[in-house]
Amino acid sequence: MSSDPLVPIARTRVKLAVSGALTIGAVTAGLPAWTVAALALTSIAIPVAVVLAGGGRLLRELLLPVPGDDSGSGLAHTPEESERLVT
C-alpha cells in the first residue's frame, strides 16, 4: 500500500464538510426524510471510505488536520518552483 492517498486528504476534507453542511441545510429546510438520509449516509460513508483506504492514520488526518499543513491542497510549490518564481 502506498503512503500517499490517491486523492489528497485536503480535498476529501472539503467534500466531507460540504456534505455535512448540505445535510444540516436539508434538515433546516425541511426536505423529505429520504433526502436527509441520503445526505447523512454520504457524510458517514466518506470517513468509512478513508478508513478502508488508509487506516486510522489517514482518518485522524482527515478529522484532525495539522495546522499549517497545506501540502495536500495542491497549492504548495516545490523548492525548485519557488526559485523559478522569484526573479
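Residue indices begin at 1 and follow the sequence shown. Remember, it's a predicted structure, so these values are computed and weren't measured experimentally.
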Peer 1: Search all heavy atoms of Ala40 against all heavy atoms of Thr23 and return the closest pair with its distance.
Peer 2: N-OG1, 3.6 Å
Peer 1: Side chains of Leu63 and Val50: closer than 4.5 Å at any heavy-atom pair?
Peer 2: no
Peer 1: Counting distance only, does the side-chain N/O of Ser19 pair as donor-acceptor with the main-chain N or O of Lys15 below 3.5 Å?
Peer 2: no
Peer 1: Look up atom CG in Leu59 and atom CG in Leu52, then write down how far apart they are to the nearest 0.5 Å.
Peer 2: 10.5 Å
Peer 1: Rounded to the nearest 0.5 Å, how far apart are CZ of Arg13 and CG of Leu64?
Peer 2: 9.0 Å
Peer 1: Could you give the distance from CG (Leu16) to CD1 (Ile9), rounded to the nearest 0.5 Å?
Peer 2: 9.5 Å
Peer 1: Look at the side-chain heavy atoms of Ile, Leu, Val, Met, Phe, Trp and Tyr, link any pair under 4.5 Å apart, and say whether Val48 and Leu41 land in one connected group.
Peer 2: no
Peer 1: Going only through I, L, V, M, F, W and Y residues with side-chain contacts under 4.5 Å, is there a path from Leu58 to Leu62?
Peer 2: yes
